[in-house]
Amino acid sequence: MAIEKEVILQLKNIEQSYVVDNSVKQAVKDVSFNVYKNEFLVILGPGHCGKSVLLNIISGLESAQKGQVYLGAEPLAGVDRRISLVFQRLALLPWMTVIDNVAFGLRMAGIAKAERRKIAQKYINLVGLQGFEKSYPSQLSGGMKQRVGIARAYAVNPEILLMDEPFGQLDAQTRYAMQEEILRIWQQEKKTVIFVTNNIEEAVYLGDRIILLSSCPAHVKAEYEIQMEKPRNTVDPEFLRIRKEISDNTDLAL
Amino acid sequence: MNVQKQNHSSEQQEQILKDQKKQRKASYQNLMLSVSSILLFFFIWEMVALLKLVPEHYLAPPEAIFRLLIIKIHDPNPDGAVLTVNILSSLQISFTGFIAAILIGVPLGWLMGWYRVVDSVVNPIFDIVRPIPPVAWIPLTIVWMGVGLKAKATIVFLSAFIPCVINSYTGIRQTNPVLIHVGKTCGASDFTIFWKIGIPSAMTMTFTGIKLAIGNAWSTLVAAEMLAASSGLGYMILQGRNFGRTDIVMLGVLAIGIIGTIIITLFSHLENVVLRWKRK
Ligand SMILES: Nc1ncnc2c1ncn2[C@@H]1O[C@H](COP(=O)(O)OP(=O)(O)O)[C@@H](O)[C@H]1O
Ligand SMILES: [Mg+2]
């Protein structure tokens, strides 16, 4: 898999702490890494290690106490329409239909109704939800809801997609199906994806590159580049070898 | 892949249809139970009255009240107004106060829940007013505004206003922070998030508040009419008592109960339309 090694996003010495019960708790400690254009980057780390904090910083929802995020050459200042998020917990607007949810970002960007309907429909088709345009989120299964979340993030045509454990709440079977889906979507609509997970197998299955974080506070523990062709076979000896290598290097049982 | 999805959707539709059928059947059974329970209630009442288990001037039988209902539609005695005039008078006052309470209370609750500044300014006053029972305002409003529509509408307003504010406030406070993040990452301004995400999130609680407000408005109205009025259902009840007419009193009480139920039911239908996204 040939990846143009053009740096699209850069994290430089990011640190973040919170005051919890009158004591300072560090969540992210001196994290630096590059993200390359159109790669599928996985950030792997144990629960409560600061992965969401890191993504919130990249998305501009939080600003880092120390360090700087660069988007291209410029420092990132707050939320940016070039970066779009698929949330960890279900984050659909329950009073809106599927198509309105997918079009929500476009509406906020001031795109005219007819145009945003057209774009939303394209991404509904991309995630395989045609026929459910007029359904409400409460009528959908967990996997389908997460597809809507993915379509919404893609619809605004961002340069970078952040996905925060998007399949964490799904049952195992749906989760496998969605992992295949996300690969298919990524191959069809080339974008830079930063995918957060605490699941080693998911990381090795999806990632062109894996950044392994330590437990709290999060810092970069190791980095792996995985050359295997996608879709990958999870019982392939090479797959198992990489999986074991990462697993031996992690802080806690993930 | 496509075929599979087609199957998936039609299977799901079948399931939804099946569920709907089951629901319809269950709701039909519930309706029958409710109707029977009401009929049984009237039957026992009629028996108690017929067998004179209770003296007649304490308890009029249902059929006597029904006869009175027909008479009262064209006979203004003894309170001076026919039933429909009393009902319309009561409705007019309660709706005036109630609608004013929604128009002011609901947006105020939303703004207090979303904007710290509004909360800090309004909350201290609101906290003092909140525990005062609405009827406690009656003497003051009589002094200020006499016994007309304005005075009673004001009391109704005060009683309906409180739950409107509290519930819309609580509702918008409970907006899922993840949805606020969705708004932010889409580049929405704080006001847009308030408008497009906060208010829809608060809608369920707001409707609960409005329904409480209807109940409050209606019961406070009747209390107000008993103290200061020259027409209305409350006034009719009071005159019934003064003339020793138990049947008039009971007709008034029943009318209040039935009209209250009708209003709440109509409102629940409106709620179902507005919150149709909640239906599974
Ligand atoms: N806003 C906050 N206030 C206080 N502590 C926080 C906040 N956000 C995150 N944390 C703390 O930072 C740590 C990492 O959280 P998070 O990034 O959500 O973990 P995860 O890796 O599971 O996504 C947690 O221990 C959490 O308690
Ligand atoms: Mg997290």
Check your understanding: B/Phe207: what forms a ring pair (Phe, Tyr, Trp, His ring centres under 6.0 Å) with it, not counting sequence neighbours?
Key ->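 Only B/Phe267 meet the ring pair (Phe, Tyr, Trp, His ring centres under 6.0 Å) criterion with B/Phe207.
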- Item | Residues that B/Trp114 engages under ring pair (Phe, Tyr, Trp, His ring centres under 6.0 Å), provided they are two or more places apart |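 Listed in chain order: B/Phe194.
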Closest approach of A/Val79 to B/Thr185 (non-hydrogen atoms, all atoms of both residues):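 Result for this residue pair: CG1-CA, 4.2 Å.
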- Query: Minimum heavy-atom separation for A/Ala91 to B/Val178, with atom names?
  - Reply: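 Taking every non-hydrogen atom into account, CB-CG1, 3.3 Å.
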Between [X] and chain A, which part of the residue has a heavy atom less than 4.5 Å away: side chain, backbone, both or neither?
X        : answer
B/Thr192 : side chain
B/Ser189 : neither
B/Leu275 : neither

**Message:** Other residues, nucleotides and ligands only: do more than 12 of their heavy atoms fall within 6.0 Å of CD on A/Gln188?
**Reply:**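 Counting other residues, nucleotides and ligands, CD of A/Gln188 exceeds 12 neighbours.
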Would you say that more than 12 heavy atoms from the other residues, nucleotides or ligands in this model lie under 6.0 Å from the CZ of B/Phe41, or not?
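No - once you tally the heavy atoms of other residues, nucleotides and ligands closer than 6.0 Å, there are 12 at most.
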query = Is there a side-chain contact between A/Phe104 and B/Cys186, using heavy atoms and a 4.5 Å cut-off?
reply =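 A side-chain contact exists here, since the closest heavy-atom pair is under 4.5 Å.
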Within-4.5 Å side-chain heavy-atom neighbours: B/Lys278 and A/Tyr136: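 A side-chain contact under 4.5 Å is absent here.
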Quiz prompt | NZ on B/Lys184 to CE on A/Met108, rounded to 0.5 Å | solution =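 One finds 15.0 Å between CE of A/Met108 and NZ of B/Lys184.
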>> Report which part of A/Leu92 has an atom under 4.5 Å of a heavy atom belonging to chain B: side chain, backbone, both, or neither.
In response: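 The backbone, not the side chain.
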Chain B neighbours within residues 93-103 of chain A, where any heavy atom lies under 4.5 Å away: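 Expected list: A/Leu93, A/Pro94, A/Trp95.
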_With ring-ring contact (aromatic ring centres under 6.0 Å, His included) as the rule and sequence neighbours excluded, what pairs involving residues 143-178 of chain A come up?_
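Listed by first then second residue: A/Phe167-A/Phe195.
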